[in-house]
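When reading the values below, keep in mind they use all heavy atoms of this one structure, side chains included, and skip hydrogens, waters and symmetry mates.
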Amino acid sequence: MPELSHRRRMLVLSICCMSLLIVSLDNTALNVALPSMQRELHATTSGLQWAIDAYTLVLASLLMLAGSTADRIGRKRVFMAGLVIFTAGSLLCSLAPNLELLVVFRMVQAVGGSMLNPVAMSIITNTFTDPRERARAIGVWGAVVGISMAAGPLAGGLLVESVGWRSIFWVNLPVGLAALLLTLRFVPESRAPRPRRPDPVGQVLVIALFGSLTYAIIEAPDASLTQVLPFAAAAVAALLALLIYEPRRAEPLIDLRFFHSAPFSGATGIAVSAFAALGGFLFLSTLYLQNVRGLDALHAGLWMLPMAVPTLLCAPLSGRLVGSRGPRLPLLIAGAAMTVSGLLFALFEAETSNVTLFLGYVLFGVGFGFVNAPITNTAVSGMPRAQAGVAAAVASTSRQLGQTLGVAVIGAVLAAGIGSSPYRDTFVSAARPGWWILAACGAAVLVLGFLTSGRWAHRTAERTAERLETAEVRQPVGTSG
């Protein structure tokens with residue numbers, strides 16, 4: 001891709017951030033609408049989990065395919081296709097007559113979304129070649145998540161109260177159309193110099209793994225062991241098959257050699273832990289604020305601001321720290337803040353007091369604001385630029401998988417604790433194991449951030465990058481294992 005002027009690079013960054021905004025805004029706004037959807041569509045707790053997880057599950061399953069496909073046939077082309085499908089899926093979601101079709105249309109939406117975030121990150125990585133400038137750009141990218149967290153609950157709450165939950169999906173239509181037109185005009189086409197062939201077997205195994213695991217977790221509280229056990233066994237079988245099959249391919253969907261890099265492996269684990277905490281935190285908070293405290297959607301959205309504003313403020317600061325001092329300090333801050341936030345709820349029932357609820361939300365927002373930039377920068381900085389799409393897709397997959405598992409696990413724990421009792425009577429005690437899980441996720445971020453950001457870890461990243469580049473040189477174009 002030719003070197004662009006500073007102004008053009010900033011414009012490309014803005015367009016990529018627009019795609020992130022609609023994908024992130026959709027999830028945060030929809031969380032506020034869950035109680036309204038529950039009433040109108042007569043949904044159970046597991047039904048609400050599927051409304052969220054159908055989207056993140058498909059995203060997690062297809063992100064790596066989208067990243068490698070974009071590297072092969074053109075990032076701009078795949079990015080534009082993603083915008084079209086995502087926008088069309090949003091329209092279909094707004095017209096869904098029941099929960100079942102809403103879940104199906106959310107999956108359509110996610111097919112388009114899978115072509116946006118990893119491809120946009122790959123575009124950014126190849127546009128901003130200077131490491132410091134790239135770290136700042138990724139910091140801006142992370143700040144967009146904060147913007148969506150701030151705007152999503154407020155916009156969602158306002159739309160739910162004034163128009164209805166279906167109008168949440170309408171927001172994506174003008175933004176998606178504007179991003180499509182701007183991409184067509186200003187984003188240059190780029191692709192990897194040595195494209196990789198598709199891996200259909202690997203893709204099917206990934207879908208089987210993520211789908212079976214999520215189904216087993218979500219349905220566990222309501223289904224019998226004989227109904228859940230086959231899906232759990234299928235998940236284990238798919239994982240083993242991936243570990244055996246993928247290393248035998250010269251061009252695998254998941255290049256397991258990436259995980260020889262300690263920073264990359266750490267970034268993957270941190271992404272799963274942090275986004276599992278995010279998914280579970282939003283799920284518990286929304287149901288508590290509306291079903292237990294009795295707040296309407298707008299006031300519930302306002303209560304999300306103490307979490308959203310610190311995320312917005314801390315994300316660019318985290319990007320600058322990563323660029324100047326490396327990822328360790330932001331990750332330690334993130335892990336400590338998220339752990340303390342979870343412990344406030346688990347030990348002191350923070351949700352029962354306005355002061356502690358506010359403090360818990362602020363701490364979680366600070367932690368999440370600091371965690372995003374080091375994940376992305378660590379995942380892509382140690383990899384050859386030719387494989388930026390695949391590396392970014394693995395990082396994005398880890399995020400979506402974490403959020404899927406967070407909603408699935410926390411929702412299952414909550415459903416098992418509440419049973420047939422009213423939310424108001426049993427929510428605090430039923431949610432306590434979930435808060436402990438979220439605190440453990442924060443502790444995982446803290447420990448992994450410390451262990452995988454030292455000098456020895458960077459040496460493993462350098463050796464991994466050298467091996468990958470050597471293998472790319474030796475591998476003839478278009479071969480497969």
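With sequence neighbours left out, His260 forms a side-chain hydrogen bond (donor to acceptor under 3.5 Å, both in side chains) with no residue at all.
In this model, no donor atom of one side chain and acceptor atom of the other lie less than 3.5 Å apart for Thr127 and Arg9. Ser90 and Gln109 form a side-chain donor-acceptor contact under 3.5 Å, judged by distance and modelled atom types alone.
At least one donor-acceptor pair closer than 3.5 Å links the side chain of Ser14 to the backbone N or O of Met10. Side-chain atoms of Glu133 do not come within 3.5 Å of backbone N or O of Phe128 as any donor-acceptor pair. The main-chain N or O of Val187 is found under 3.5 Å from a side-chain atom of Lys76 such that the two form a donor-acceptor pair.
A cation-pi geometry, defined here as NZ or CZ lying under 6.0 Å from the six-membered ring centre and within 45° of its normal, holds between Arg293 and Trp303. Phe450 carries Arg328 over the face of its six-membered ring, with the cationic atom under 6.0 Å from the centre and within 45° of the normal.
Aromatic ring orientation, Phe368 versus Phe364: parallel (interplanar angle below 30°, classes split at 30° and 60°).
For residues 355-366, every residue pair satisfying the side chain to side chain donor-acceptor pair (under 3.5 Å) rule, not counting sequence neighbours, is listed here: Ser285-Tyr361. Pairs of residues two or more places apart, or lying in two chains, that qualify as salt bridge (charged side-chain N to carboxylate O under 4.0 Å, His left out) and include a residue from residues 339-359 are Glu349-Arg432.
Pairing each heavy atom of Pro327 with each of Val322, the nearest pair is CA-CG2, 4.2 Å.
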